[in-house]
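One structure is given here, and the rest of the page talks about it.
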Amino acid sequence: MAAVQAGLPVRLESIAGELPLPVFVGITNELEMRYPNQPLTNESQSHILGSVAGSAPRPPADRPVLRHPDTSMDKLEAWSPPQSPGISPPRSPSAYRSYPYGAQRNGTDTLLVHDAKVPGRPSVPQENSSPSHYSVKLQPEQPVITRVASVERLVERLEVDYSDDPWRITEEQREYYTNQFRSLQPDLSALIMGTVAKNFFTKSKLPIPELSHIWELSDVDKDGALTFPEFCTAFHLIVARKNGYPLPETLPATLRPGFVEAGVVTAPPSEATLPLIVFDENMMPGANQLKMGSVDLQGTSRPGVTAKQEARDESRKPEFSPKRIPEPHEKTIQHVSTLKPDSPQELDANMKSRTRPRSYSSTSIDDAMKKVEEPPTPPPRPQKTHSRASSLDLNKLFQQSGQGAKSGWLPPPPALPPRPPATQIFSFLPGSEKSSQKAVQQPNFADFSKFREEQESSLRGLSTEDLTPPKSESTVVHQGHAPQKPVRRKLHPESQSATPPSATPYSAATLTKSTQRPPPKQKREIQMAIRKNRETNAVLTRLNSELQQQLKVVHRERVTLESQLELPRPVTST
Amino acid sequence: MAVCIAVIAKENCPLYIRSVPTQGELKFHYTVHTSLDVVEEKISGVGKALADQRELYLGLLYPTEDYKVYGYVTNSKVKFVIVVDSSNTSLRDNEIRSMFRKLHNSFTDVMCNPFYNPGDPIQSKAFDSIVSTMMVQAC
């Protein structure tokens, strides 16, 4: 390695005439020596590279700058294959080259800060030149140097404070954003609607065009709603703006929702719709992170999501180091292959296409109606990929969630075959109380069947007869009431009102069925059971009629809306 | 490559109009304005019988000596008008359609922004960049 490194300066100097790149690559004292000269030469070089850089879709200007030095530095890469392929040398000088970009982009004070940091940094990496270490240490180092150059890419060493990079969210900030998100939307994995977010962000007293721009930057999937990462991004941009930082033209990579990823780019596996989240919410709060990641839809595979979750969990502890390691990986992948800049595009497109209907499925009927009413029709994009994919994914999702739910709870008792479909229907609904109600009901049903069995055994002459039937009936009543309460709450989202009656009749049916089973034994208990069931039936029928009325109202409204739509021009479908 | 691109709202007020600045923008504004009549004529004609089948892409609205005007209208009566130089014969229908599709998509993105009030002039930078890619790179 030493030989190679020794060889490097030699070769570099041979090329030194052409580009200032090699000079930087020395990474040793050469760097520090020549660094004062760099900014001058960098200006001219930066212009050249800027024109060469072409278009990198998302990443800011320094990224194309970084990538093209890759190609131009092919000669140097003969030595670099042992290390991460040619990233390190090109990146560092180009980092310097992009220094002027950083200077233009942000205030000079940050530039000076980086200025101070640069001499310290390069001295460190030289020791970590063994290939095995390279991938870990040099990559943090690479991003370090690149980030030194670009304010947006500040790679923190272990001891560095994160506040230098205005586009990186610190731990405290993230917690604050989490709390704010919770205040708007208790479910961390759900969406914040556009209007809600608008009201919230308007309180920041930023001018509306700037807020509009921030929204454009942070709503990556363009669904008119903010996921938790998007919300963090938006909030962070607002905070930065309030502190005087000018808004970037494109979203910095550190703020992108999937930036914590280990660069694992697999096909977006599951439609991270709310039902899955609802079920998993009953698991550890850590699962929220998991779901957040999956909601994120940045192409995180399940293992990727868990890795991300672990990364997040680990990052909850002192350092961001685990996070940094995935993200330098991501950076190297980005730099090594030009695929990665494309894949965020694809991912964005995928996200875009996938999340458009996600917003539909996740919102209540009011928002769905609102979307229909909005002048820009929900045109080609959701239909393009999503209608099919969503159905597939949803099916897969429900199977997964169904299995997950089933395995998580008691195995469905044999007396309740209709229950699983009802569960799935329920899972369409965003209400988490529904799922909790389901959870309540399922154990209840399990208990209920147990009680029934107990009852049957007890009916053979045990003295506990009197206890168990009342218990069972209380559970029956409880079940009868439990469906009612969430159902009443669900009266507002009227479309969902159809399902509770369907679910509760299930419960009533099964209850009545099981009550009729041991008829002849103890008339008193049976009669009590029958009476209770009649009461629940009455209540449910009343509820049913109410809901039917509401359904009629909704139908009427829908008809009027449709007629209104029809009025100006008949609506065509493309 | 378009010479002028305009987005007109349902009430026929302009939301966005941008043209290549070399040739006197007033002329393009006038052209777009007059093209609205043709658009109205086209969308009113189909209405009764084929309620579901009116196509969004209206095609060539009218040609003049110097340029051709293409129209596209969304289901919510937002109109997109593209003015293309006549001398540019290489532009095919498909390309125009794809331009309109891109416009429509980016317009939808603008709409999704809750800070955008429908009826406001469109000031989104993303929309601007999309339009720039489609304009003649003359300036």
Side-chain angles (χ1 to χ4, degrees), chain A residues 55 57 192-202 206-226 234 247-251 349 352-353 355-356 359 370-382 384 565-574, chain B residues 7-11 13 15 39-40 42-58 72-80 97-98 100-130 132-133:
Chain A
S55 61
I192 290 188
M193 288 303 116
T195 43
V196 172
K198 173 181 175 178
N199 295 335
F200 180 73
F201 288 137
T202 312
L206 283 182
I208 296 288
E210 297 199 3
L211 288 173
S212 174
H213 185 57
I214 287 177
W215 177 279
E216 272 183 12
L217 288 178
S218 54
D219 188 9
V220 183
D221 49 14
K222 301 271 180 251
D223 60 354
L226 295 181
L247 286 181
E249 289 295 319
T250 55
L251 195 62
K352 231 188 295 189
S353 55
T355 53
R356 275 191 183 276
S359 60
K370 211 193 298 179
K371 278 216 180 266
V372 168
E373 293 167 18
E374 272 180 24
T377 60
R381 202 175 303 177
K384 184 166 64 169
L565 278 175
E566 298 261 336
L567 266 178
R569 283 292 166 238
V571 176
T572 65
S573 59
T574 53
Chain B
V7 178
I8 294 113
K10 178 174 174 180
E11 303 84 12
C13 58
L15 297 179
V39 172
E40 287 288 336
K42 284 204 185 251
I43 60 179
S44 68
V46 183
K48 288 80 180 180
L50 306 170
D52 299 325
Q53 292 180 14
R54 180 171 58 82
E55 203 181 282
L56 301 183
Y57 176 69
L58 301 175
Y72 179 98
V73 65
T74 69
N75 283 329
S76 52
K77 301 296 174 301
V78 176
K79 304 158 188 78
F80 298 99
R97 280 180 194 263
S98 71
F100 276 124
R101 206 172 310 127
K102 273 194 287 185
L103 269 180
H104 197 167
N105 283 339
S106 52
F107 179 73
T108 314
D109 289 342
V110 169
M111 280 292 155
C112 278
N113 187 336
F115 296 102
Y116 172 77
N117 302 314
D120 288 351
I122 296 178
Q123 284 156 346
S124 149
K125 297 194 179 81
F127 192 80
D128 277 344
S129 63
I130 297 277
S132 308
T133 59

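Chain identifiers are assigned alphabetically (A, B, ...) following the order of the sequence lines, protein sequences preceding nucleic acid strands; residue numbering begins at 1 within each chain.
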## Note on the structure
One should read off an interatomic distance between Lys125(B) NZ and His213(A) NE2, to the nearest 0.5 angstrom, of 4.0 Å

### Query
For the side chain of Asn113(B) and the backbone of Ser212(A), is there at least one donor-acceptor N/O pair under 3.5 Å apart?
yes

### Query
What's the shortest heavy-atom distance between Cys112(B) and Trp215(A), and which atoms?
O-NE1, 3.8 Å

### Within 6.0 Å of NZ in Lys198(A), more than 12 heavy atoms from elsewhere
yes

### Summary
All heavy atoms of Phe115(B) vs all of Thr202(A), minimum pair found to be CE2-OG1, 3.9 Å

